[in-house]
Amino acid sequence: MPPIGEKKIVCHSSDHNDTIGRGSQGSSIDYGRELNPAQLEAVTFEKGPLLVIAGAGSGKTRTLTYRVAHLVENGVSPKSILLLSFTRKASQEMLKRATKLLDNRCQEVTGGTFHSFANIILRRYAKVIGFDHGFTIIDRGDSEDLMGMIRKEVDAGGSCHLPRKSTLASLFSRTVNKGLPLEDIVYEEYPHLGAQIDVIDRIRQVYAQRKREHHFMDYDDLLVYLLRLLSDHHDIRRRISDMYEYIMVDEYQDTNAMQAEIVFLLAGSHRNLMVVGDDAQSIYAFRGANYKNIIDFPHRFPGTHIIKLEQNYRSLQPILDLANALIEPAAEKYSKCLFTQRGGGQLPVLAATTSENAQSRYVVREIARLRSKGLPLDRIAVLFRASFHSFDLELELTRASMPFIKVGGFKLAESAHIKDVLAHLRIFIAPRDRLSWNRVLLLVEKIGPRTAERIYETIARQGIGAQGLLSAGLKVKNKPGLDRLKDLISTMYAAPHSLVGWGERVLQYYLPKLKERFDDHPRRVRDIEQLLTIMERYEHLEDFLADMTLEPPNTSVEDRLTVDEGHADSLTLSTIHSAKGLEWDTVFILWALDGRFPSSQSCEQPNSLEEERRLMYVAATRAQHHLNITYPVGIFDHATQSVLYEPSRFLDAIPEEVLERRYFKAGSF
DNA sequence: ACAAATACTATTTTT
DNA sequence: TAGTATTTGT
């Protein structure tokens with residue numbers, strides 16, 4: 001590999017003047033001192049379309065933060081700034097920092113994800129698109145449950161093997177997010193379902209119809225309807241566009257066609273649009289994201305100014321050398337090369353172990369060593385491709401009593417006990433919510449899908465809300481469980497209408513069922529109590545429910561021991577996707593085994609193979625000082641019926657001067 | 001007729 | 001391991 005310095009492209013003007021960035025007199029922020037020239041140029045850029053290509057660790061967040069402050073400081077009303085980011089947490093963090101930098105005005109900036117922004121706008125204009133103001137947002141699980149019910153109806157005959165509900169859900173989601181017809185997606189990605197395309201399409205139609213009837217919106221619908229609102233109603237588009245005079249979009253490489261179109265329409269009239277991204281870090285193609293959006297941007301907005309941020313402030317040079325070598329073979333358009341001025345540092349290590357458990361013990365031992373040398377656990381992360389890749393490690397960490405937090409994978413809000421509690425609440429604000437009724441009724445003993453369906457019909461026909469259950473006319477006799485549910489409903493109506501009051505009653509009712517259904521009920525009770533504390537912050541149940549689906553607490557189910565908000569000094573375990581934008585002193589990457597990462601399935605498709613490569617790149621660039629990659633050998637792969645023993649192909653070609661190799665025998669622990 | 005118990009099978013990533 | 005298909009039991 002050539003020396004790094006030779007490849008760097010300097011694209012900002014070199015004669016930059018230290019004073020240009022300085023705000024009007026009295027400014028507390030010395031932009032010229034606190035930013036490098038390229039960052040400064042982006043921050044002080046005035047009007048028009050701007051594309052910022054920001055390499056990993058190049059101060060992207062810093063640039064966005066300072067730009068918000070700079071705009072507000074120079075008289076732009078914070079209410080006319082829109083900051084769209086990938087997670088709500090990320091945008092809130094940026095606004096918090098901007099507030100610290102300047103003043104409270106920055107808190108008034110509208111910030112969030114595309115989905116949360118769509119939620120705000122669509123609630124306001126619900127009537128226009130034919131929805132109730134109080135429409136329900138359903139998460140992936142709800143959407144699958146609905147799909148499951150439809151699947152059963154369509155399959156009334158019995159013996160045709162329909163795809164499972166999760167397959168259907170991802171299939172439909174792909175057609176929406178990629179904007180392609182069903183046949184194309186089936187042909188390209190699910191060829192084995194080709195014969196069933198008619199039934200599948202039928203399920204899709206019924207699903208769409210059912211959603212409309214219930215005023216349900218799934219994640220994709222939020223984008224679909226926002227786009228429809230903007231493109232079909234010029235007056236509304238105009239009003240919204242005028243309202244947000246300055247628009248900034250973070251992580252632009254992970255937007256899909258619909259999101260790009262939304263941005264296009266929002267910025268259409270004023271073109272004051274700044275998008276920030278890195279095509280090398282595009283890792284959401286499975287969700288329809290298209291990194292080409294970033295390449296097309298200058299074409300959609302002629303006259304786009306382009307700024308590249310290539311100086312890295314995060315990692316030491318050896319880590320950047322590896323990162324550059326990883327991404328070098330990728331066929332990408334905006335070539336860039338990360339460099340740093342910080343010298344020193346050790347080579348990243350690639351360690352082979354004899355088994356999965358040996359890998360876990362190796363990682364635990366290395367972490368213990370670092371910890372004893374004074375590195376706090378919260379500066380260390382273990383990253384992996386898929387959530388279950390850390391199961392074995394979690395056992396070893398527990399054995400070594402090393403506290404950890406797991407991010408990504410199964411979310412708290414997706415776990416059965418939380419959904420159960422929420423369903424009991426939802427039947428009060430959305431009495432025709434079939435999904436929630438179904439959930440609630442199935443929890444009553446001696447009631448199965450059939451009876452639940454019958455009871456639901458009766459309730460829906462009466463149209464008097466949850467009280468419908470209390471009225472006579474149910475031909476269900478001798479069900480003590482149902483009487484208890486009736487009790488709950490009447491006490492809820494009698495109770496003061498406070499959210500927490502309701503929640504407590506539900507918990508009281510649900511507790512015995514929870515104890516019977518789950519062995520680990522003490523933990524789950526604590527989760528529900530946690531949920532009640534979150535509820536205290538809300539006045540309206542709808543707002544609470546919408547937030548729960550749009551921004552569920554990101555920590556996963558297994559880490560309830562350390563719920564106290566990261567105060568404890570804990571190790572982070574995370575999927576690579578959830579680690580995006582974050583950094584740690586020391587990073588471990590697990591399962592860098594060819595056949596697992598990249599997975600053997602993705603090896604067949606060049607596109608997904610490239611995405612896996614970018615994923616490895618994202619993982620490697622999270623590290624500041626130490627990077628430790630491991631893989632176990634001799635793992636049997638069911639998909640290919642072969643034994644895997646080679647390191648990830650992305651690492652295999654990298655020379656010894658960049659990546660140190662080690663081998664650990666089983667007996668060495 | 002319907003609910004509960006048991007057997008079987010295919011395994012990413014997230015708003 | 002969890003989600004689905006099948007069998008058993010009331």
Side-chain angles (χ1 to χ4, degrees), chain A residues 84-91 112-119 137-141 143-145 147-148 151-152 155 158-167 169-170 173-174 176-177 217-224 226 251 254-256 258-259 282-289 383-391 407-411 413-416 441-442 444-454 476 478-479 481 517 546-552 554 556-557 574-580 591 596-602 608 611-612 614-616 618-619 637-639:
Chain A
L84 292 175
S85 183
F86 207 66
T87 65
R88 194 142 47 158
K89 204 168 133 207
S91 68
T113 60
F114 275 89
H115 292 84
S116 69
F117 177 67
N119 179 41
I137 301 169
I138 59 172
D139 67 9
R140 179 59 176 266
S143 142
E144 286 183 9
D145 287 349
M147 213 97 67
R151 202 179 84 118
K152 232 180 212 168
D155 187 34
S159 57
C160 59
H161 278 283
L162 288 171
R164 50 178 55 192
K165 58 186 181 182
S166 56
T167 312
S170 51
S173 184
R174 267 165 197 254
V176 176
N177 283 300
M217 276 205 203
D218 61 26
Y219 287 131
D220 300 335
D221 290 332
L222 286 169
L223 300 181
V224 168
L226 176 59
E251 308 281 11
D254 284 323
T255 55
N256 63 30
M258 271 191 295
Q259 290 166 321
S282 168
I283 52 175
Y284 279 90
F286 69 90
R287 206 168 89 183
L383 307 182
F384 32 85
R385 178 73 187 83
S387 192
F388 69 85
H389 285 168
S390 71
F391 286 170
V407 186
F410 253 47
K411 305 228 173 52
E414 287 166 357
S415 56
L441 291 168
L442 285 177
V444 176
E445 54 270 35
K446 305 290 176 194
I447 291 183
R450 219 64 201 227
T451 319
E453 179 65 23
R454 275 212 332 260
V476 198
N478 220 14
K479 294 238 165 42
R517 253 157 55 96
D547 280 7
M548 278 306 281
T549 18
L550 286 175
E551 192 72 7
N554 199 30
S556 68
V557 204
S574 175
T575 59
I576 299 171
H577 284 90
S578 297
K580 190 160 87 152
W591 280 107
R596 285 299 174 94
F597 190 0
S599 70
S600 40
Q601 301 149 37
S602 63
S608 42
E611 175 131 328
E612 298 281 301
R614 295 192 292 267
L615 205 51
M616 183 69 89
V618 169
D637 183 46
H638 288 276

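Numbered from 1 within each chain, the chains take letters A, B, ... in sequence-line order.
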N/O donor-acceptor pair, side chain R385(A) with base dT12(B), under 3.5 angstrom: yes
Value in whole Å for how far the P atom of dT15(B) lies from CG of D218(A): 15 Å
Under-4.0 Å side-chain N/O to phosphate OP1/OP2 contact, T575(A) with dT14(B): yes
Parallel, tilted or perpendicular: rings of Y284(A) and H577(A) (30°, 60°): perpendicular
Interatomic distance where CH2 belongs to W591(A) and C1' belongs to dT13(B) [whole Å]: 17 Å
Proximal nucleotide (of dT12(B), dT15(B), dC2(B)) relative to the F388(A) side chain: dT12(B)
R450(A), nearest nucleotide to its side chain (from dT15(B), dT4(C), dC2(B)): dC2(B)
Between dA2(C) (P) and E144(A) (CD): distance, integer Å: 15 Å
Flag side-chain contact, heavy atom, 4.5 Å: F86(A) against K580(A): yes
Distance below 4.0 Å between K165(A) side-chain N/O and dT4(C) OP1 or OP2: yes
Residue met sooner reading DNA chain B from 5', once S173(A) and R164(A) are mapped to nucleotides: R164(A)
Rounded distance in Å - CD (Q601(A)) to C1' (dT13(B)): 12 Å
Worked verdict on I576(A) versus F384(A) for side chain to side chain contact (heavy atoms under 4.5 Å, CB included): CA-CA 6 Å; I576(A) 299 171; F384(A) 32 85; 5.8 Å; no
K165(A) side chain reached by D145(A) side chain, heavy atoms, under 4.5 Å: yes
Rounded distance in Å - CZ (R454(A)) to P (dA3(B)): 8 Å
Under 4.0 angstrom between S578(A) side-chain N/O and dT13(B) OP1 or OP2: no
Spacing between E414(A) atom CD and dT15(B) atom C1', to the nearest angstrom: 10 Å
Selection from dT12(B), dA5(C), dA3(B) that lies nearest to any side-chain heavy atom of A386(A): dT12(B)
Charged N-O contact under 4.0 Å between R450(A) and E453(A): no
Between dT12(B) (P) and F391(A) (CZ): distance, integer Å: 12 Å
F286(A) ring over dT13(B) six-membered base ring, under 5.5 Å and 30°: yes
Side chain of T451(A) (C-beta onward), nearest among dC2(B), dT15(B), dT4(C): dC2(B)
Between P of dT15(B) and NE2 of H577(A), the distance in whole Å: 11 Å
Side-chain heavy-atom pair F114(A), N256(A) within 4.5 angstrom cut-off: no
Check ion pair E414(A)-R140(A) (N to O, under 4.0 angstrom): no
For DNA chain B, the dot-bracket pattern of Watson-Crick and G-U pairs whose distances stay under 3.5 Å, | for other-strand partners: ||||||||||.....
Distance below 4.0 Å between R174(A) side-chain N/O and dT14(B) OP1 or OP2: no
Candidate nucleotides dT4(C), dT14(B), dT13(B), ranked by approach to the side chain of Y284(A) - the nearest: dT14(B)
Minimum side-chain heavy-atom gap L441(A)-T451(A) below 4.5 Å: no
